[in-house]
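Before any comments, here is the structure.
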Amino acid sequence: MSDCFRSRFFASVLAVMLTAPVLAQEGAAIFKDADLKLGQGLIKEHRCAECHARKFGGDGSGVYRPLERVNTAGALRGMVEQCNTELNFGLFPEEVTAVAAVLNQQHYKFK
Ligand code: HEC
């Protein structure tokens, strides 16, 4: 192996070491580029609140309980992904992110 290979390898290890803590600190960075308008439209379109209201009463927002099962921005996005799959909404990944970003802004407020 040439030194060229080795130095590139160490450069990429260094890059991971430098960026990983930054990403960990900004949990909600995953929502940084989210399209909130798109998310709001999808939440209406798929009647998320109607179904949650049937189970939880009121406007349905009682379903959103930060710090219980969903306690990080990543877990929130994962939960929306799970509902998407189970309920067959057929959302694209960026749509899942957009929906989760709206829920984060309005209810969970993860940093
Ligand atoms: C057919 C009914 C139904 C629909 C439609 C629905 N949900 Fe849910 N959702 C549920 C149920 C039931 C739960 C679990 C409640 C519990 O924990 O007992 C849930 C839980 C959740 C949770 C987890 C809440 C928490 O903090 O634990 C999220 C997030 C969520 N739904 C998002 C959505 C989004 C976004 C949509 C629309 C795109 C949606 N749901 C549509 C029934 C529904």
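Note that ligands are numbered from 1 as they come in the structure, with each ligand's atoms numbered from 1 the same way.
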Closest non-hydrogen contact found for Leu36 with Val102 is O-CG2, 3.3 Å

Rounded to the nearest 0.5 angstrom, the NE2-CD distance for His46 and Glu95 is 7.0 Å

The atoms of ligand 1 lying under 4.0 Å from a heavy atom of Phe56, numbered in the order shown, are 15 (C), 16 (C), 18 (O)

With heavy atoms and a 4.0 Å threshold, my read on which part of Val99 contacts ligand 1 is side chain

Checking heavy atoms under 4.0 Å, the part of Arg65 that sits near ligand 1 is both

- Query: Side-chain contact, heavy-atom cut-off 4.5 Å: Tyr108 with Leu103?
  - Reply: yes

Quick note on ligand 1: atoms under 4.0 Å from a heavy atom of Phe89 include exactly 5 (C), 37 (C), 38 (C), 41 (C)

Here the atoms of ligand 1 under 4.0 Å from any heavy atom belonging to Met79 are 22 (C), 23 (C), 28 (C), 29 (C)

For Cys48, the ligand 1 atoms with a heavy-atom partner under 4.0 Å come out as 34 (C), 35 (C), 36 (C), 37 (C), 38 (C), 39 (C), 41 (C)

Side chains of Phe89 and Val96: does their closest heavy-atom pair fall under 4.5 Å? no

Does some side-chain heavy atom of Ser61 sit less than 4.5 Å from a side-chain heavy atom of His107? yes

Strictly below 4.0 Å, N to O, side chains only: are Glu81 and Arg77 in salt-bridge contact?
yes

task: Give yes or no for whether the N/O distance cutoff of 3.5 Å, strictly under, is met between Tyr108 and ligand 1.
output: yes

Atom 5 (C) of ligand 1: closest protein heavy atom, distance to 0.1 Å, is Cys51 CB, 3.5 Å

among protein heavy atoms, the one nearest atom 14 (C) of ligand 1 is Arg69 NH2, 4.2 Å

Among Ile43, Leu87, Val70, closest by heavy atom to atom 6 (C) of ligand 1 is Leu87

The answer for which part of Leu42 has a heavy atom under 4.0 Å from ligand 1 is neither

Atom 13 (C) of ligand 1 has as its nearest protein heavy atom Val63 CG2, 4.2 Å

Of all N, O or S atoms in His52, the one closest to atom 8 (Fe) of ligand 1 is NE2

Rounded to the nearest 0.5 angstrom, the CD-CG distance for Glu50 and Asp59 is 11.0 Å

Counting from 1 in the order shown, the ligand 1 atoms closer than 4.0 Å to a non-hydrogen atom of Lys55 are 12 (C), 18 (O)

Contact region, Cys83 to ligand 1, non-hydrogen atoms below 4.0 Å, reads side chain

Worksheet item: Quick one: are Tyr64 and His52 in side-chain contact, heavy atoms under 4.5 Å?
Response: yes

Check whether Asn84 reaches the backbone of Gly90 with its side chain - one donor and one acceptor, N or O, closer than 3.5 Å. yes

Using a cut-off of 6.0 Å, state whether more than 12 heavy atoms not belonging to Arg47 lie near its atom CZ. no

